[in-house]
*Asks:* 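Take this structure first; my questions come after.
Numbers restart at 1 for each chain; the letters A, B, ... are given by sequence-line order, proteins then strands. Scope of the values below: all heavy atoms of this structure, side chains included, with no hydrogens, waters or symmetry mates. Bear in mind the structure is a predicted one, so any value in this text is a computation, not a measurement.
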Amino acid sequence: MSSTHDVIEEILRKRGLVSRIFANREVLHPDYVPDSLPHREREITKLAEILVISAKGERPSNVFLYGLTGTGKTAVAKYVVKKLVEKASAFGVRLNYAYVNTRKVDTAYKVLASIAASLGLKVPHTGLAVSEIYRRYISALNSWNGLHIVILDEIDFFVKKHGDDILYKLLRVNEDLSNARVSVIGITNDLNFVEELDPRVRSSLGEEEIVFQPYNADQLFTILKQRAELAFKPGVIDDSIISYCAALAAREHGDARRALDLLRVSGEIAEREGVDKVTIEHVKKASLEIEENKIYQSIASLPLHQKLVLKSILEIVTSKGYASTGDVYAKYVEKTRHFSLEPLTMRRVSDIISQLDMMGLIMAEVTSRGRYGVTKMIKMREDFIPIIEKALRDLD
DNA sequence: AGTCCACCGGAAAACATGGCAA
DNA sequence: TTGCCATGTTTTCCGGTGGACT
């Protein structure tokens, strides 16, 4: 199918600079906020109402958004706040916002600095005390004199790492302010997270809360359809494909992000193959590729001993079909010598096996073999074996 | 009916690491 | 920098267990 008449075009296409599949790949990126958010009307309205009241000079409410991953929390928060900023002058309010993902921005200093930066404040990368930034932020707020909305995404990560001090401070910022006001929107996908908070923080942040339910397959379809129309060139993808993606993602607790990933990767695969239509086969490959990627990631981030244990399991399972803790431990000790390392205890290895089980890399079940004792029966999913083998290849 | 294997898995002590205040 | 505390990891210790075997 390759015509040699335009080599440049061919190279550009291979590099993804010219695409016959994508019109605008950005639209499928997880951070993209579309012009409308289907099936989140209720949440949008509620959030907007809460914030508008704050803007009118009442004591601002803080809002807590929670729901599983890919249920649209971040998108709704950004969407509403952006719209409000656009309309702010119309109802005579000064309005600005800060968005901080506290998983990526993971120290108190950086969080405060980036909040302050959204007010146009210049804060050095390092060198100031945290309390100094706080002071500067307050004074900037006071002289600016409007409503500042602070979106803290994935706060569960931050609080687990650094405790809730900053949260507490931020929530009480209003007491140090004369004219300006601050509203905090907290976002988390850990539903139990609230219970770990200091009661004062909890009551203050949870004044208003909005729960996000997972999308079902129909809703996912609408969402995907909307994005697909922008992302793909006309005629590249048809509804049956989109609906297949939606169905696949709906099986995994209705995660819209996963669904969009699936769509994007499917497109990329089609592109790599040089065809100009996305098929069911591409989606299946994409699903596999995403799955494989997850396995690679989780294995790559494993400490050495865990890898050795996994490798031992792999070798035994491929030759015998299953493994027991004793087998694994013997093989593991052998490997450990080969690397001239001190082996861990069997007790520990037993825990590591359970850990690998929870990660979904292996299947371990305690069984009694009667006269031959109690042990974990360790098996692996057939389709994982080649992937895991590949991921562990560097251990020889 | 009783034994006994080959581990399991809880508890706690020992050790390692890392952040933080002084 | 130092010392302290918290947290996470690993070892030590040990009672417990289901069922094949006698």
*Asks:* Looking at A:Gly72, is its backbone amide N or carbonyl O close enough to the side chain of A:Glu43 to form a donor-acceptor pair, meaning the two atoms are under 3.5 Å apart?
*Replies:* no
*Asks:* Using whole Å, report how far CE of A:Met346 lies from C1' of C:dT10.
*Replies:* 15 Å
*Asks:* How close or far is atom P of C:dG8 from atom CD1 of A:Ile352, stated in whole angstroms?
*Replies:* 17 Å
*Asks:* Closest-nucleotide mapping onto DNA chain B: is A:Thr325 or A:Gly373 further toward the 5' terminus? I mean the 5' end.
*Replies:* A:Gly373
*Asks:* Counting just side-chain N and O atoms, does A:Lys376 come under 4.0 Å of either OP1 or OP2 of B:dA6?
*Replies:* no
*Asks:* In terms of side-chain heavy atoms of A:Arg347, which of B:dC8, C:dT10, B:dA11 is nearest?
*Replies:* B:dA11
*Asks:* Answer yes when A:Glu229 and A:Lys225 have at least one side-chain N-carboxylate O distance shorter than 4.0 Å, and no when they do not.
*Replies:* yes
*Asks:* Could you give the CD-to-P distance, from A:Glu342 to B:dA14, as a whole number of Å?
*Replies:* 20 Å
*Asks:* How many whole angstroms separate atom CD of A:Glu365 from atom P of B:dG9?
*Replies:* 11 Å
*Asks:* Can you list the steps and then say if A:Ser324 with A:Asp327 is a side-chain hydrogen bond (donor to acceptor under 3.5 Å, both in side chains)?
*Replies:* CA-CA 5 Å; A:Ser324 68; A:Asp327 301 341; 3.2 Å; yes
*Asks:* What pairs of nitrogen or oxygen atoms, one from the protein and one from nucleotides 20-22 of chain C, lie under 3.5 Å apart?
*Replies:*
unit_1, atom_1, unit_2, atom_2, d
C:dA20, O4', A:Arg371, N, 2.9

*Asks:* More than 12 foreign heavy atoms under 6.0 Å from CZ of A:Arg257: is that the case here?
*Replies:* no
*Asks:* Using a heavy-atom cut-off of 4.0 Å across all strands, would you classify A:Pro303 as base, sugar-phosphate, or nothing?
*Replies:* nothing
*Asks:* A:Tyr66 vs A:Phe64 aromatic rings, parallel, tilted or perpendicular, using cut-offs 30° and 60°?
*Replies:* tilted
*Asks:* Heavy atoms under 4.0 Å, any strand shown: does A:Val374 hit a base, just sugar-phosphate, or nothing?
*Replies:* base
*Asks:* May I have the distance from A:Met377 (atom CE) to B:dC8 (atom P), rounded to whole angstrom?
*Replies:* 13 Å
*Asks:* What nucleotide among B:dC7, C:dT10, B:dG9 has an atom nearest to a side-chain atom of A:Leu344?
*Replies:* C:dT10
*Asks:* Send over the distance from A:Asp357 CG to B:dC8 C1', rounded to a whole Å.
*Replies:* 14 Å
*Asks:* How many Å lie between CZ on A:Arg348 and P on B:dG10, as a whole number?
*Replies:* 14 Å
*Asks:* Show which side-chain atoms of residues 308-315 of chain A pair as donor or acceptor with protein atoms under 3.5 Å away, not counting sequence neighbours.
*Replies:*
unit_1, atom_1, unit_2, atom_2, d
A:Lys311, NZ, A:Asp396, OD1, 3.4
A:Ser312, OG, A:Leu308, O, 2.7
A:Glu315, OE1, A:Lys335, NZ, 3.3
A:Glu315, OE2, A:Lys335, NZ, 3.0

*Asks:* For the pair made of NE2 in A:His305 and P in C:dG8, what is the distance, rounded to whole Å?
*Replies:* 20 Å
*Asks:* Output yes when a side-chain donor or acceptor of A:Tyr99 lies under 3.5 Å from a complementary backbone atom of A:Ala77, and no otherwise.
*Replies:* no
